[in-house]
Amino acid sequence: MSLPLYFGWFLLSPVQNKVRCTSMDFLKTLDTLEAFKKYLTDFTGKPEKEVDLEQYFQAKGPLHCTTKFCNYGKAEGAKEYAENPAVKEFYSSVFELSLSALFVTPRTVGARVSLTEEQLLLWPADAETEVEPATSLPLGSRAHVTLGCAEGVEPVQTGLDLLQILALQQEGQQPETVEEMELGSLTYYGEGRWWLKLREPICSPACFSSFYG
Ligand code: 2AM
């Protein structure tokens, strides 16, 4: 059996455009907020320097939510995942993913995916525990769509950034800034970490499949 680079849900074309536009609108608006400008050095390293977030992040490849990174069979648990009956049964089925929040850090921009019980059947048990968040987070917490990465940053970072923010939320850290935007409420968790809880989650049809590259 030849194993892929990764399994995941691939957003269907029309919704990919919608998500890209929403992400661009968010970055454009974030850039202009006084609250963001106050913490600009998180991104620039220097005061007074400006940043164009739309240029700062680069997006590559199809928008997707990785379930299992297999690295062509070299990743731990890859073969077991591919043999999971749910993976076989649902392969090439279309699901409705719910994108419930957008987040930005100096490294990545992404969308949080809130998984249903059925979707969790395709979620690997070790996705959250293979990294080391400060607290134990529920299964599926790492589910996300990478929307862009800063120069020199690998997409795997997006899920790690998401887990870090969720761990802060679980610990009850009070966000420093709260701003109501048209898309939802925006909070700041320090060190350049911005979280936008969407007023209306984006419902995205996505096909469960794999990517060989
Ligand atoms: P992503 O899911 O955050 O976008 C190919 O590199 C894909 O596999 C990317 O989508 C990437 O991140 C994901 N990926 C790469 N390395 C990974 C890892 N060690 N664990 C989980 N996902 C990984």
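In listed order, ligands and their atoms are each counted from 1. What you see is a predicted model, and the numbers here were worked out from it, not measured in a lab.
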Enquirer: Given that the side chain starts at C-beta and the backbone is N, CA, C, O, which of these parts of Gln157 lies under 4.0 Å from ligand 1, counting heavy atoms, or is it both or neither?
Expert: neither

Enquirer: Would you mind checking if Lys68 and Glu76 are paired as a salt bridge, meaning a charged N to carboxylate O distance below 4.0 Å?
Expert: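 Looking at Glu76 and Lys68, the cut-off is not met.
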
Enquirer: Using the ring-ring contact (aromatic ring centres under 6.0 Å, His included) definition, which of the options Phe7, Phe95, Trp123 pairs with Phe90?
Expert: Phe95

Enquirer: Of the options Phe103, Phe43, Phe26, Phe36, which is the one that meets Trp194 in a ring-ring contact (aromatic ring centres under 6.0 Å, His included)?
Expert: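 Among Phe103, Phe43, Phe26, Phe36, the one that satisfies the ring-ring contact (aromatic ring centres under 6.0 Å, His included) with Trp194 is Phe36.
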
Enquirer: What protein heavy atom sits nearest atom 18 (C) of ligand 1, and how far off is it?
Expert: Val156 CG2, 3.4 Å

Enquirer: Is the ring centre of Tyr6 less than 6.0 Å from the ring centre of His64?
Expert: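 Aromatic pair counts; centres sit under 6.0 Å.
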
Enquirer: With respect to atom 16 (N) of ligand 1, which of Phe7, Phe69, Tyr6 exhibits the smallest heavy-atom separation?
Expert: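 Looking at heavy atoms only, Phe69 sits closest to atom 16 (N) of ligand 1.
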
Enquirer: Could you tell me, atom by atom, which parts of ligand 1 come under 4.0 Å of a heavy atom of Thr66?
Expert: 1 (P), 2 (O), 8 (O), 10 (O), 13 (C)

Enquirer: Give a yes or no on whether a salt bridge exists between Glu83 and Lys79, defined as a side-chain N under 4.0 angstrom from a carboxylate O.
Expert: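 Salt bridge between Glu83 and Lys79, a charged N being under 4.0 Å from a carboxylate O: yes.
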
Enquirer: Under 4.0 Å, counting heavy atoms only: does His144 come that close to any atom of ligand 1?
Expert: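 In this structure, His144 qualifies as a contact of ligand 1 - some heavy atom is under 4.0 Å.
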
Enquirer: If you measure from atom 21 (C) of ligand 1 to every heavy atom of Glu154, Arg142, His64, which option wins on shortest distance?
Expert: Arg142

Enquirer: Charged N to carboxylate O under 4.0 angstrom, Arg193 versus Asp161?
Expert: no

Enquirer: Select the closest option to atom 4 (O) of ligand 1 among Thr146, Leu162, Thr158, Thr67, judged by heavy-atom distance.
Expert: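 Nearest option to atom 4 (O) of ligand 1, by heavy atoms: Thr146.
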
Enquirer: Among protein heavy atoms, which sits nearest to atom 11 (C) of ligand 1, and what does the distance come to when rounded to 0.1 Å?
Expert: Pro155 CB, 3.9 Å

